[in-house]
Each structure stands twice: as C-alpha cells, then as structure tokens.
Amino acid sequence: MTILSIFDIGLVVLILAVGAASIGMREAFSAVIGFVVYGLLLSIAWVRLSAVDVALTEAAIGGGMTGMLMLGAVARLRFAKGNDSRTSLPVRLAAGILCALVAAGLAIAVLSPPEVIPTLAPMAMENLPQSGLGNPVAGVLFVYRALDTLLEKVVLILALLGVWSLAPDRMWGGIPGLRVYAQPNSKLTFLAQLLPPVGIVVAVYMCWVGAKEPGGAFQGGTVLAAMWLLVMIAGLTSVPSISQRWLRLLLVAGPMIFLAIGIAGMVLANAFLAYPAGYAKPLIVAVEVALTLSIGVALGLLAAGPPERVQRP
Amino acid sequence: MRLVLDIFTVLAVSAGAFFFLAGTVGLIRFPDALTRLHALTKVDNLGLGLVVLGLLPQANGLFGALKLVTIWLLVQLSGAIVTQLIAGTVRQHGPRE
Amino acid sequence: MIGQTTLLASAFVVPFGMLLLCLWPQILNRMPSLLAFAPIPALAAVLLVATDSSFAIGSARFHLTFAMDRPGAMLLGVSALLWIAAGAYASQYLQNRPNHGRFVVCWLMTLTGCVGVFLAADMVGFYFLLALLTLGACGLVIYHETPSAWRAGAVYIGLALLAEAFLLMAFVLLASEIPGNSLLIRDAAAALPTSPQRDLILALLIAGFGMKAGLVPFHFWMPLAYSAAPTPAAAVLSGAVVKASILGMIRFLPLGTALPDWGTAIAAAGLFAALYGVVIGITQRSPRLVLAYSSVSQMGFIIAIIGMGMLTGDGRAALAAAFYAAHHVLVKGALFLSVGVIAATGSRRLWPMLLPAAIIAVGLGGLPLTGGALAKFVADELLGDSTASTIATLSAIGTTLLMLQFLRHLASTASQDPQATANAGLVWPWLATAAVSLVVPWTLYLTVPRGTLPDPLSAAVLWKALWPVLLGGALAMALWRWWRSMPQIPKGDIIVALDGGVRAAVTWGKALQRTDSVLRQWPAATVSLLILTVALGAAVLAR
Amino acid sequence: MNAATLFGLCGAALVGLGLYGLVTNPEPLRKILAFNLLGSGVFLVFGVVAKRAAASGLGGDPVPQAMVITAIVVAFAATAMAIALVLRLLQETGRSTLSSDTSAATDTAGADS
Amino acid sequence: MPDANLLPDATTTDGVFLVLAIVLPAAGVLLSFVLGGRYAERIALVLLPSGFILATIILVDVWQSGHRLVYIVGDWKPPLGIALRADGLSAAMMVVMAIVFCAVAIFAYADFGTRAGSAEARAPFAFWILLMAIWGAMNLIFLGGDLFTLYVALELLTFAAVPLVCLDGRAETLQAALRYLIFALLGSILYLVGTALLYGSYATLDIVLLSRQIRAEPATLVAAALMTIGLFAKTALFPLHLWLPPAHAGAPAAASAVLSAVVVKGSFFLVVRLWFDVMPGMLGGAGAQLFGALGAAAIIFGSVVALQQQRLKLLIAYSTVAQIGYLFLIFPLALDAASGQLQGSGALTGGIIQAISHATAKAAMFMAAGLIYAALGHDRIAELGGIARALPMTIFAFALGGVSLIGLPPSGGFLAKWILLEATVATGQWWWALVILAGGLFTSCYMFIVLSRAVAPSGAPLKLKTAVPKYQEAAALALALTSLLLGLVALGPIDIIEVGRPDSIMVGSR
C-alpha cells in the first residue's frame, strides 16, 4: 500500500462523496458549488491517470466554465415558482437498483481487460516526428484524427447558433444579456484590470507550448474566454452585439482556416487534412492560434447566452 | 545537503497542512459568515505559502520555482478579491438563509 | 398478333388514361358524358381477342402482366356490358347532382380496377388493382356523405383492407412456393396443391376472397354498402365489382385437383350463405336491401359451385361458376337500375316498367327459357343429385320468393305523382341491360362446348326448372298474408355484434393511450431505458 | 488493484450516480448537473483505457485522451445549450420543469395562435 | 476483379466525392454563419441541389464499380487515422435524404425566405444553417468509418435538430426541445461509453478493423448493449419515445418534415452499422427477438395512440413512432438461425426501403399538415371539413403519402412489406407477419379517419387564413410521388443496397 495508492483511494472516495452530495443535495445552490469542487477534484484524478492535457481541459472547461454557467442559472432559477415534487419513493428505489446494475455491468467490463492490452501509443509515437509536434495528444488531435477536431469546432459553432436562436425575434442582432451580477464596484474592476494581462500571457503560453508539452488550443481558448468574461462582467468593456461582422469572423476563423488548410492538403499533400511534408509544424501552429481565438470567443458567447437587450442606437 | 533540504520540505509542507486543518476547523466552528471568511483566507493563504516554500527546493530549476510562486501570488490575489466581494454581499443583504 | 395485344392493352389503358385525364378540371367537367364509352375497348377486346393472349407493362425484371383466359373473358364481357349501361345511366343520373367530379373519379377508378382485375395475370398486379378497385368503390359508397353512407364506407373499406391483408399474406406464401421468382397466378395455382403450407394458403385465400365476396360471416357490409351507394354505383358494385373475388377464387384455387375436405367445407358454407341470404332477405322492407341479401345468397351459391368443383376435382366447375356469375352480373345490375327507374315513374305508367323487371327477377329464380334457368341447369349438372342439388333447388325456390318480395316492395316505391315518367336517359340503359341479361346467357351457352348435355329445351328439363318457381310463387302468396308477424331484422343483421366489438376496441384503445401517456413521463421513460439496458445486456451476454 | 482499475470503478460508480440523478431529479438544472457527472464518469473510463494502454514512454495512449478532450468540449456545448433552454423556458413560463402535467401532452402543441 | 473490400483500405479513385459530401456542408455552415442574412438562404439553395448531384454520382459509382468507395482522411490509414466509406447502403440513403432536403428547401423558401430589403432575421438565418448542418451530419453518419467520428456526427445532428424544434419560441416547444435535448444527450453518452469499452478491448474504433477482430467478450457485449440503448433513445423506439410527439408536432412544418423523415433515420442507421457491419455474429436469438418485440410494441402502441389523436401533426408524429417499429423488425428476420449471423441481404434491404419510403412519405405528410395549419389556422382533425376542396393538391399529396405508409402497390412501403413478409416466411417467424399486416391495417384506419374528415363538406364556407403558394404544394406532391413510385425501383438496381456488405469481407479476410 504505497503512499500514492492511499492518496488515490482517498481521492476516489472524496470524488464519489462530493459527486453523491451534489446529486443528493436538496438545495440547488449548494449542489452547484459541490459540482465545481467535484470538477477540480476530477482534474487531480486526471493528473493521477497521467493525462495532463485532459486534466487541464477538465479543470478549465469541466470545472470552471460549466460551474460558472450553472451558478448563473441557479441565481436566475431562484425566482422559478412552484417546481414539481420529488419523484416518488418506489421510482427512486427502482432507479437506484437499476443504476447500480448498469454501473455493475460497466464495472464488469472495466474489470475484464484483454490479456494483452492493445495500444496505438507506439504507432502514434513513431509517426509523430513527421509532423514536428512533441505532444502526442496534439498530434492525434491535429494530424491523425484532424477530422474529429474540425467537426467538433463546427459543433461548437452550432451550439452557439442554437443558443442565439432562443432569443425572441425582436432581440435578434442585440446584445447577449450577460447579467452583471455585482455592480462594477472598485474591487471587481481592480481584479478585472490586474488579472487579464496575466491570464492572456498564460493563455498564449498554453497555446504555444501545446505543440511540445501538455496544453493546446482548447485550454488556451478557455482561459482567454474566462478573462474576456471577467472583463465584461466588470463592465470594463461592452458585450458585443451578435450581428457584428468582426465577431462572426473571429468565431469562424479557427474552423475556416483549418478547413482551408485541409482542402489545400488535398492538392499539396494527396489527402484531405494532410499536411505537406516539412510544413506540418507551422501550419498546425497557425491553426492552433486561430482555434484558440475562435474557442475563446465562442465559449465566452456561449456563457453570455442569447441576445436579450437591443443595442441602443 | 540533499537530506537537509528534504527535511526542510517535509517540515514546511506539514506546517502548511496543519494551517489548512486549522482553517477548516475555523470554517466549521465559527458562528457567522464574516468570521468564517476571515479564518479561511488568512489561514489558507499562509498554509499555501508554507507548502510552496517547502516545495521550492524540489522544483526542477528556477523556472519551476518561479511558477510555484506565481501560483501562490495568483491564489492570494483571487482569494482577497473574492473574500471582499462575498463580504460586501453578505453585509448588504444579510447572510443568505 | 399485334392487333390483339394492343386491343387487349387498350381495354385497360383507356379507362386508366381517362382516370389520369381527370386531373385537369376542364376535362373533368365534360367527363360524365363519356362514362359510357370507357368500357367499350374492354368489350371489344373480349369479342375480338383470342383467349390466352397476354401482354406486359414494365421492364424485364418486374412487370404487370395481363392475360385473357376463358372465365376472365366471360366475366369481363358481361361486366363491360353492365359498365356501359350503368355508365349511360350514371351520366344521366349526374345531370343535376352537385360535386360529380368526385363521382366520376371514383367511377373511373373502380372501372379501371375492375377491368384490371379481370385481366390481371400476376399476383402483384392483381393485388394492386384489387386495392384500386376497393378505394374507388369506397369512394362511390361514400358519395352521398350521409351518416349511414360514412358508416357503410368505413365498414366496407375496413373489411376490404382486412381481406387484402389476408390476400397479401397468401400471395407472399405463394410467391415463396413458386420455383424461380415469377409472380404469375398460373404458376402460383399450379404450385399450390403440392406446397407444404397448402392448407394455410387455402385458408388465407378463402378468408380473403370470402370477405370480398360477402360469404356469410363477413356479408354484413353488402346491405350497408348497396343501400348507401347511388343507384348506378350500386348496380355496378353488386354486379361487376363483387365478381372480382369470384374470379380470384377461380384462378387461385386448385380446381383441377380433388380436395374433398376443403371442397365440402366451401360448398357447405356457400349453400348456407345461399339459404341465409334468402331467410334474412324476405324480412327486409326496402327493395335495395332485398336485392343486397339476394346478392349474398347468389354469391353463396356461386361459391358452393366452386366448392363442389374442388370436391370432385372437376375442371368444368370454373366455367360453370363463371357462367352463373356472368348471368348474375347482368340480372343484378338490371334490377338495381330498375329500382332507380321505378322510383322515378308514376303509378299510372308503372306496369310497362314493372313487367321486364318482373321477368328478369323471377328469371333469377330459374324461370324456364330465361338465363337464370340455363345457369341453374349448368350448375345442377355439376352439383350431381346429392343433397347439394336438393339444397340448390331449395335456394331456387327461396330466390323466387325473394324476388317476388322484391317486386312487391319495388311497386310500393313508385313516385307519388302518377303522371311522372322516368327520364329516357335512365330507362333505355335499364331496358338494354334487361334485354342483354336475357339474350347473352344463351349466346354464352352456345360458345361453351357442351356436347354431352341433354338439350336444355327438352320438356323434362323445363319442368325441372318450372316447379320450384311455381312453389316459390305460392309461398310468396302465403307470406304476404301474415306479413305483419314478420320479425324486423336491422339492416346489417350481425353488424350489431360488430358495434359491440368496436366499443370494446375503443375502451382497449383508451387503456393503451393511458399507458402511453404514463410511459412518456420523464421518470417512467428513463426507468424503462434502464430496464431495457439491463434486459439487452442480459440477452446479449447470455447468447 | 492498480490505480487505473480503481479509477475505472470510480468512473463506473459515477456513471451509476449520474444516471440516478438524471432519472430522479425533477428540476432540469439538476438533470443537467447529473448529465455532467455522468459525462465525467464516462471520460474517466476513457482515461482508464488510455492509462492501461500506456506504452513507449508515454503515461497513456494519446488517442483516447484526444477523444476525451473533444468529448469534454462537446459536453460543455451541450450543457451551455441546455442551460440556455432552461433559462428561456423560465422566461417564457415562469417555471422550470420537464413534466408536462400542466397541459396534457396531447394538446400541448395545440396553442392555436 | 479482386473484391476491393479485401484489399487493405486505400483511397479508391472517386473517393474525393466522399470528402466533398462532408466539406460542402461544413463550408456552407461556416460561410453562411459569417455572411448571415439572405446569403445563408442562397448558399443553402445552391449547396443542397449540388449535394443531390454529389449523392447520385456516388450512388452510380458504387453501383457500377460493384464495391464500396473508400477515402483515407489525412493520409493516415486506420487504426490511427479515419476512413470514409460509402457502400450501397449509405449511397442509397444519401440520395434519398438529398431528395428530401431539396424538397424541404423548396418548401421552406416560403416560410423562411428573408423578404427583400429586410435585415437578417432570426428564424430564417437559423433554419438554413441548421438545415445544412443536418445535411452534413447525415452525410457523415452514412460515410463515417470510425465509431468516434460517428459520435461527433450524432452530436452535430442533435445540436442541429434541437433548435429546429423550438424555432418559433412557443413555451411548449421550448419544453419539448429541452426534453429532446436531455434525452438525446443521455443516448449519446451511453453510445460514448460503449466506444470507450470497445477501444479498451481492440485499440481501434474503425468499423472494418473492428469487424475483423471482434470477440464475444463481456466488455464487448456490455459496450454493444449500452451503445444500442443509446441509439434507441435517439431513434425514439417505443418505450423511449417520450420526446418525439411534442417535438415533431410543435416544430414548424419544414422543420418537422426534416426531423421526422431524416433525423430519426440517422441513429437507426448506426444501429444497422453496429449490428450488421461491426458485430454481425454477436446478436443472439434472444437479443434479436427483443429488438423485434420493441418494434412490434412500437407499431401497436404508436398506431393505436395515433388513432385517438385530435390534432393532425400529433397524429403524424405518432405515426412516425409506429413506422420506426417496422425498421427494427429486420433484426429478428435477418438473423440466420444456423450461423447466428445477421445476413446482409433480404430483410435488411426491406428495412432500408421501408426507411427510404417512410422518409419521403412522412416528409410529404408533414408538409401537407403544415399547409393545412397555415390555411386553416389550426389542425384539429374534427374540423378539417372542406379542406380537400380548398387545397386539393395538398390533400392528394397527403393521401399518396398515406398510401405509401399503408403499403399499397406500387409504393415503396408495399415493396418493403413484401420483402419483410418474404423474410418472415423464409425464417418461419409468422408472428412478425401478423404485426406487419396489423400495422398496415392500423395505418389505413387513421388515414381513413383523416381523409374522410378532409373530404367531408365544411359547414360554414371555408375562408383560408393565408394563400398557400403552389410550389409548396408541388414540393409535397413531388415527395409523395417519389414515395409512391419507389416500388418501381424493384425494376432497377434493387441489389445495390447489398453492394459492399461486410459478408464478403468476413468470408475473404479470415
């Protein structure tokens, strides 16, 4: 029983306890707080699983952004009147038993790995140098399975369009109603003036280092979005209206450039989303920079919600 | 020399852990929100400081050490601001039931 | 040869083309006057085209094939005659009617379906044209849009589609029996007797065709439909359309090989229907209902002939049944048209109209020298002198009684204004049909190669046909005296039971809807998802 | 019982927990929270699969790790859309509920505007 | 001619069309997102027909070459990279879906066309982009060769379909959209956990490679079960259909046509891919009977509840629930009892033709219902009197759609029922034949109810709220006719659906 395995067991017990609390708790606000804590604990679990890229993503998007969205929603849901009663006991019991069965089935599957564990790691590692990347995860994301990454960006754009399409017709083209939760008093503006420069440097570093070390476009984009939201909440800059051309261009820049390079690959490197020999690294970095910007703007607007105020002419 | 540094690290980190424990006890025992806030920020910041101090010799190279210190500074900054904001809200609307 | 196939093709293509032309409103308005001309190519085809010539539409791999065989030709010919007369009657009938556009479309659909079914040689074509026939006929039944018409239409299409479900299953079973993937009815009928699922297929075929032909347990749609439909439509429905199922039976059932058990069962059912129709018919008040029940009885008799054919394995049963059915087409069509004509004529001018109706009505019962006698004569020869033939004579008596009852009710429905005379446009088609119904059976008889049969005009045969008619007349006299004590039977007789069934179905449907709305609540849906996961996991793991 | 299997069981337990929350919690926001929990459980299973397939000097097979990153971003987009829907529903009806008992399903979409 | 299925995966000659089928919609979505306003509509109206041409080229190519088209994305062969594959199954589905998309685009031009001079409006801008996104997602579902790429395609489809449900912002459509989103997300998460377990056992998610290594281990079977249930939830198969009726009935006409005809088929197609291509031997007798039982229950419940609906769009939505049941009857029928393998020919061809004829017929019926709603201002079935005289073409399209659903020849529905019935006879499972025939009868019942109300004369003279443009009726009629004449496809290349089935691989590659 090495120190680390005790730590792991403690971590797992803590994760399950906080998760169960955030599910079982009756009061929505504390459940969300529980969820944020759960998100951070989970990123530690990812570090223990030696997947640092995923730990970063989980901490940034899973814990941070989702937590912030939930907090905003809980604040506004306090005014909802007369929500329905808890589900009856027999249903809860049945659900409990069945969920336990499903979890047990999953546990059986997890507990019975094949004798020799097949892996793509060696194949991924030996083909990595051709793309000039150091970080294998970035290699998978931008070289081997580039189609998934490209499509996932289109999914993000679609989700944003879905959120925007919820606005009433007269508000279209207006300003997302990012509720300013606290008046822009001195303390928040101080934070909003001090933290963003640091945040932006961290984001750029994360995006840049993503090629060699754990990091990358997603994590950088999320930090960028967080800083932009902080500045908007503090009221230092106005929330942009959704019909501005530059905003749309910025949103689409990442996937569009990725698509353009992919199509160019068909001509120059005999396959869609293939990189011409030798130019892989610069192209990928260019795509990562564009993606970081797009993701930053997209996540920020997703958190800001549908347009709710018409722009004062 | 290596041994001395290791002992120093163990001592500093355990002191930090002790302060975290004290902060948590304060959180549970103190009567109202403001005192809890006070306990938390003060003690946890100190605890974190000690832990960072303890880890400095273990950090690989100057760059790693600088990163640890920046982490500590950032936590202090955000901790202070957030405490101020919560305290402001608590004072304005009264503790939320 | 080319002439033959194009003529045969035109029989189907002309009505189908006219149906498609109805899409343009301006042609639709002029269509009522052309109704009579649509069936003419079919008649010409029957007269000119040699039997067993066929043609196909479609590509090499999958095509609709049409062929002319003897029973088909016989039935198509008489049906074409009836369609022409009824078409003329209908164009007059529609003169002052609203929305005749829909009537014309349904009429042409039914005509196309009817001609198509008589000519169809492959199963999918037969099924498609039967469906087209059903949809068109249902449109005709619903034409007046009265509540009883809607109910009749609903019952008609409900039962028809149920029958077609049986037939579809039977055709699929047959298709899998035929070696190679030809879908011809000829090959299906050939493969049927030797197939392992012969009994299942036979049961399905008889159930399907029985429903469409109004065999007793499923006959209740006939009185409803024929009383609700407009007169020309009722004539065509009771005459030509219902014969489609008879032709289906003739073509699909293996009349060549002896199947004693099936033969007796069908013959018994047919004869029971023949008697049942008479017993219920005499209690009815309106002439149309009496005619409807007479149809039930006659169709029962024809099915009995087919049953007897299957019993003895005697190939001639097909022709005998077709011949009897052909006669029935004309007589029943003429009688229905007469109902319309008589209703429009005043009491003063009633007798010149009533006389021809009386002749052909009693002819149905077997009056000597009429087509009916001839048809019964051919049927007797086949039924042999066993109990079946005694029942046949019983049904002859009953039919005469029924027909006299019909004539009595018909007379009572003459229009109040004594001077009223039916429009010439209505009278002439009716009279033509009546005349044809007398003449055509004889001409058909001559074409049927029957050297061995004793001469139908001999005294013994005449007397054999006459005494049931006289007996029927006497019974009718007796019936009219205790008329008051006759029990009142509702129109569809066993349909009352059906209403009970419908109510049960409605309550059952409500229960299903409640379970559905329970299942669509969130907890129930997600719990059922979990149950499904566990069930599928168990099912797959325990392979 | 190495670390990977331990986290695998934790992932399976989280999936069970998330499913339970999704089924029993009436409010949509709590369902979305349960969905995120369920999602993180699934991602843990991916992480365990990656950890077990560690080879050639890597802490884990990069391919499933890349898939998890993509899945996390997609899950976040789904959560954002769901929360926007909940808030819009709150704006429209003043209540946030999934059960349509107020107006039976058969004539819900029947507002004959 | 060596069967290309056996050759190691390599980009075949016309593989580039597969990439175009993915790139065109993606570029369309991104471009119209930036340009916005009337450009979104123009881009859609240009891209969708070109998508149809592309799909036909792929279909002809697959038919002529006799084997499937393959394209290796990024020049990395599976297991490391991703391959796009188009076999007969996907090519046929892509062409029909392209036809439905073009018809819906023409139909939606009236409702979602931005008037000249008006600035960018919410609903049109969102509709055209979402339509292209659904088109792209469906193409990816049909062509995707990697289970995780198919997961991303499923998410793309859900994120594009949910906003369509609540496009007009009414309260109950918002609730329907929320229920649909959460249930669909539950489905896709279960699908994802399945892919995780499969990757754990085989270190690849490529369909062809998986089908060569698949073993009947607990991990694989649990994964298959979870993935199947996830896809059932997204296809709204019977007990899991809570979201479909309010969502499809509440959405605007063009949207409900796409939702009901196309979106539901996506996850069904994945179930077919999973069980017919990846693990044909794993679905035991019990599992197949469970699939069939759910399908039968869907047919019975869906039809009976549809019979009792007061509103036309809800009736058609429940009819979708019923018709989906037919699609899942093919699993017990396709299971060859001796070898325990799911056969690629016979019942599967029937199922695909049923899916195709349902797609076109249902799209036509929802368009017709939309026109009736626009003309009368309501769609209560009891008060549909006189509409047949007011909108004859619409009711004719609705009737033709109904005829195809009932399965009267020469419609595609008839051909599908014929093939399925032949399969019931061949496998001796007569009980499925009863269900198929009962389904046809129920369908004819509720079609008769609706048509009899529509044909009945209206009491008061009918005044239409809005004049219904002719091309909308023409679009609905065209779709109904394609569904009606689909039966004639039996004349032509009916066996194209079996091109590139995995059976040929299984035999060859051992």
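Keep in mind the model is a prediction, meaning the values are calculated, not measured. Numbered from 1 within each chain, the chains take letters A, B, ... in sequence-line order.
One finds the CD1 atom of D/Ile72 at 12.0 Å from the CZ atom of D/Phe76 (value rounded to the nearest 0.5 Å). With values rounded to the nearest 0.5 angstrom, A/Leu302 atom CG is found 7.5 Å from A/Leu69 atom CG. Rounded to the nearest 0.5 Å, atoms CG (D/Leu22) and CZ (D/Phe35) are 8.5 Å apart. Rounded to the nearest 0.5 angstrom, A/Ser294 OG and A/Ile157 CD1 are separated by 6.5 Å. Atoms CG and CZ, on D/Leu38 and D/Phe43 in that order, are 9.0 Å from each other to the nearest 0.5 Å.
For chain D, the nearby parts of A/Ala20 are the backbone and the side chain; heavy atoms of each come within less than 4.5 Å. For A/Ala167, the part lying under 4.5 angstrom from a heavy atom of chain D is the backbone only. With a 4.5 angstrom heavy-atom cutoff, A/Val74 touches chain D via backbone and side-chain atoms both. With a 4.5 angstrom heavy-atom cutoff, A/Arg145 touches chain D only via side-chain atoms. Proximity to chain D involves both the backbone and the side chain of A/Ser22, based on heavy atoms less than 4.5 angstrom apart. For chain A, the nearby part of D/Ile83 is the side chain; its heavy atoms alone come within less than 4.5 Å. Contact of D/Leu90 with chain A is made through the side chain alone, with heavy-atom distances under 4.5 Å. In this structure, chain D has no heavy atom under 4.5 Å from any part of A/Thr149. Heavy atoms of A/Pro168 lying under 4.5 Å from chain D belong to its backbone as well as its side chain. Looking at A/Val32, the atoms closer than 4.5 Å to chain D (heavy atoms on both sides) sit in the backbone and in the side chain alike. Looking at D/Val63, the atoms closer than 4.5 Å to chain A (heavy atoms on both sides) sit in the backbone and in the side chain alike. Contact of A/Ile117 with chain D is made through the side chain alone, with heavy-atom distances under 4.5 Å. With a 4.5 Å cut-off on non-hydrogen atoms, D/Ala50 does not touch chain A at all. Looking at A/Gln219, the atoms closer than 4.5 Å to chain D (heavy atoms on both sides) all sit in the side chain, from C-beta outward. Looking at A/Val102, the atoms closer than 4.5 Å to chain D (heavy atoms on both sides) all sit in the side chain, from C-beta outward. Residue A/Leu101: no heavy atom, backbone or side chain, is found under 4.5 Å from chain D. Only the side chain of A/Leu42 comes within contact range of chain D, with heavy atoms under 4.5 Å apart. Interface remark: A/Tyr38 contributes side-chain atoms only to the contact with chain D (heavy atom separation under 4.5 Å). For chain A, the nearby parts of D/Arg52 are the backbone and the side chain; heavy atoms of each come within less than 4.5 Å.
Ranked by heavy-atom pairs shorter than 4.5 Å toward chain A, the options D/Met81, D/Arg88, D/Glu92, D/Lys51 are led by D/Arg88. For the set D/Leu58, D/Val23, D/Ile32, the entry with the most heavy-atom pairs within less than 4.5 Å of chain A is D/Leu58. For the options D/Leu37, D/Val15, D/Asn36, heavy-atom pairs under 4.5 Å to chain A are most numerous at D/Leu37. Between chain D and the residues A/Pro306, A/Ala100, A/Pro113, A/Ala28, the largest count of heavy-atom pairs under 4.5 Å involves A/Pro113. Contacts with chain D were tallied for A/Tyr144, A/Phe35, A/Trp46; A/Trp46 has the most, counting heavy-atom pairs under 4.5 Å. Chain D forms the most heavy-atom pairs under 4.5 Å with one residue out of A/Leu106, A/Ile23, A/Leu158, and that residue is A/Ile23. Contacts with chain D were tallied for A/Ile15, A/Leu98, A/Val54, A/Leu11; A/Val54 has the most, counting heavy-atom pairs under 4.5 Å. The choice from D/Val49, D/Asn25, D/Leu87 that makes the most heavy-atom pairs within less than 4.5 Å of chain A is D/Leu87. The most heavy-atom pairs under 4.5 Å with chain A, out of D/Ala71, D/Gly11, D/Cys10, come from D/Cys10. Heavy-atom pairs under 4.5 Å with chain D were tallied for A/Ala159, A/Ala124, A/Ala121; the largest tally goes to A/Ala121. Among A/Gly24, A/Gly39, A/Ala103, A/Gly216, the residue with the largest count of heavy-atom pairs under 4.5 Å with chain D is A/Ala103.
For the residue pair A/Ser30 / A/Glu27, a side-chain donor-acceptor distance below 3.5 Å is found, with atom types taken as modelled. When only modelled atom types and interatomic distance are considered, A/Asp8 and A/Ser5 share no side-chain donor-acceptor pair under 3.5 Å.
For the pair A/Leu141/A/Phe218, a side-chain contact is recorded, criterion being any heavy-atom separation below 4.5 Å from C-beta on. In this structure, D/Val45 and D/Phe7 have side chains that are not in contact, with every pair of non-hydrogen atoms separated by 4.5 Å or more. A/Glu308 has its side chain out of reach of A/Pro176: every pair of non-hydrogen atoms, C-beta onward, lies at least 4.5 Å apart. Residues D/Val68 and A/Asp53 have side chains not in contact (no heavy-atom distance under 4.5 Å, counting atoms from C-beta outward).
For A/Ala51 against D/Gln65, the heavy-atom pair with the smallest separation is CB-NE2, 3.4 Å. The shortest non-hydrogen separation linking D/Ala55 to A/Thr119 is CB-CG2, 4.0 Å. In terms of heavy atoms, D/Pro62 sits closest to A/Val140 at CB-CG2, 3.8 Å. Closest non-hydrogen pair, D/Gly8 versus A/Val110, comes out as CA-CG1, 3.8 Å.
Judged purely by atom type and a 3.5 angstrom limit, A/Ser43 has no side-chain atom pairing as donor or acceptor with the backbone of A/Ala55.
Under the 4.0 Å criterion applied to side-chain N and carboxylate O atoms, A/Arg78 and D/Glu27 are not assigned as salt-bridge partners.
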